[in-house]
Amino acid sequence: ENKTYSKGNNFSENNLNIYPIKENLSKMNEEMAKNQKAQEEEEKKKLVVLTGAGISAESGIQTFRGGNGLWDNEPVEAVASIEGWYDDPERVIDFYNKRRAQLATVQPNRAHIILKELEEQFDVMVVTQNVDNLHERAGSSHIIHLHGELTKVRPVDCYTDQDWYSERYVSDIGYEP
């Protein structure tokens with residue numbers, strides 16, 4: 001059945017293509033949802049959390065200090081200094097390979113998960129002294145590692161005046177020695 005609308009135009013279901021309209025409305029709805037999410041992100045209060053050995057000790061990561069800490073069994077200067085590297089690189093590599101192997105056997109604990117869950121309500125930045133990747137594995141989005149990461153390396157000769165020690169030189173070496 002034809003219907004006459006303003007100015008005498010005849011329209012019928014056969015000659016009226018509504019699909020582009022539906023498609024455009026769908027795209028508009030998607031864009032509006034993205035904009036709303038971005039606005040909600042901007043409105044979230046910022047929260048900075050500093051973590052240390054205690055949070056990862058609960059997962060079974062051996063700490064560097066404290067009862068039976070790593071430094072009780074290994075001189076810090078021998079494995080965590082440039083001099084130690086120059087004196088005995090094999091010892092340093094072995095020390096950190098053991099840390100990486102241990103990391104493969106543990107999981108994030110409830111504290112790591114809670115920090116990730118806080119991202120639903122806050123713009124969370126985790127600043128950690130830990131070299132493990134348990135915050136990442138728990139799903140946290142924004143993490144700063146003050147002392148580096150066990151599973152990441154960069155070549156010793158990658159420094160440039162333009163970009164210093166750029167992240168583009170970083171490689172993930174995983175858990176296996």
Side-chain angles (χ1 to χ4, degrees), residues 27 29-74 76-77 79-82 84-85 92-160 162-177:
K27 287 180 182 176
N29 285 338
E30 288 175 22
E31 192 62 33
M32 287 172 52
K34 286 180 190 175
N35 289 340
Q36 183 177 358
K37 184 172 181 172
Q39 185 178 0
E40 288 171 0
E41 290 291 324
E42 287 177 13
E43 293 174 3
K44 287 182 178 178
K45 290 186 177 185
K46 297 186 182 318
L47 177 65
V48 177
V49 180
L50 177 63
T51 66
I55 194 169
S56 295
E58 291 296 317
S59 290
I61 297 286
Q62 189 176 2
T63 65
F64 285 89
R65 294 183 180 91
N68 198 30
L70 293 169
W71 298 149
D72 292 339
N73 304 314
E74 195 76 60
V76 64
E77 301 81 16
V79 294
S81 71
I82 194 64
W85 173 258
V92 174
I93 290 170
D94 182 59
F95 177 82
Y96 288 103
N97 280 344
K98 288 177 183 172
R99 307 291 72 76
R100 289 187 304 118
Q102 181 193 25
L103 184 56
T105 68
V106 299
Q107 297 298 319
N109 62 55
R110 186 70 185 129
H112 294 102
I113 304 300
I114 288 170
L115 289 177
K116 189 315 185 208
E117 291 172 350
L118 283 170
E119 291 183 13
E120 295 171 16
Q121 299 171 23
F122 299 93
D123 180 8
V124 180
M125 172 62 71
V126 176
V127 180
T128 185
Q129 299 178 68
N130 298 340
V131 294
D132 60 59
N133 61 359
L134 296 178
H135 288 295
E136 287 84 352
R137 289 167 45 194
S140 288
S141 302
H142 307 290
I143 306 149
I144 296 173
H145 286 269
L146 295 177
H147 301 302
E149 301 172 66
L150 283 174
T151 61
K152 304 277 175 71
V153 296
R154 78 175 92 227
V156 293
D157 62 350
C158 68
Y159 179 86
T160 67
Q162 290 84 8
D163 60 3
W164 301 355
Y165 290 106
S166 173
E167 289 295 313
R168 68 184 160 141
Y169 301 114
V170 175
S171 298
D172 192 320
I173 57 173
Y175 303 111
E176 297 298 318

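Using a cutoff of 4.0 Å between basic side-chain nitrogens and carboxylate oxygens, Glu74 and Lys98 are not scored as salt-bridged.
In this structure, Arg100 is not positioned above the aromatic face of Tyr96 in the sense of NZ or CZ being under 6.0 Å from the six-membered ring centre and within 45° of the axis.
Taking all atoms of both residues into account, the shortest heavy-atom contact from Ile55 to Asn109 is O-ND2, 2.6 Å. The two residues Thr63 and Ala53 come nearest to each other via the heavy atoms CG2-CB, 3.6 Å. For the residue pair Glu136 and His145, the shortest heavy atom distance occurs at OE2-NE2, 2.6 Å. In plain terms, the two heavy atoms of Ser56 and Asp132 that are nearest each other are OG-OD2, 2.5 Å. Shortest non-hydrogen contact noted between Ser140 and Val126 is OG-CG2, 4.3 Å. The nearest pair of heavy atoms linking His147 to Gln129 is CD2-O, 3.1 Å.
For the atom pair NZ of Lys45 and CZ of Phe122, the computed distance is 7.5 Å after rounding to the nearest 0.5 Å. Note that NZ of Lys152 and CD1 of Ile173 are 10.5 Å apart. Values are rounded to the nearest 0.5 Å. The NE2 atom of His142 sits 5.5 Å away from atom CG of Asp123, with the distance rounded to the nearest 0.5 Å. The distance from atom OG1 of Thr51 to atom NE2 of His135, rounded to the nearest 0.5 Å, is 3.0 Å.
A side-chain contact (heavy atoms from CB on, under 4.5 Å) with Leu115 holds for exactly one of Val49, Leu134, Ile143; it is Val49.
Using modelled atom types and a 3.5 Å distance limit, the side chains of His112 and Glu117 yield no donor-acceptor pair. Side chains of Ser141 and Glu119: a donor on one and an acceptor on the other come within 3.5 Å. Under the 3.5 Å distance criterion, with hydrogens and angles disregarded, no donor-acceptor pair is assigned to the side chains of Asn97 and Tyr175.
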Taking it one step at a time, do Leu118 and Lys116 satisfy side chain to side chain contact (heavy atoms under 4.5 Å, CB included)?
CA-CA 5 Å; Leu118 283 170; Lys116 189 315 185 208; over 6 Å; no

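Looking at heavy atoms from C-beta onward, Asn133 lies in side-chain contact with Leu103 at the 4.5 angstrom threshold. Using a 4.5 Å heavy-atom threshold, the side chains of Lys44 and Gln121 count as separate.
Without hydrogens or angle criteria, Asn73 side chain to Leu70 main chain gives no donor-acceptor distance under 3.5 Å. The main-chain N or O of Arg137 is never found under 3.5 Å from a side-chain atom of Gln107 such that the two would form a donor-acceptor pair. Within the 3.5 Å criterion, the main-chain N or O of Asn130 finds a donor-acceptor partner in the side chain of Thr128.
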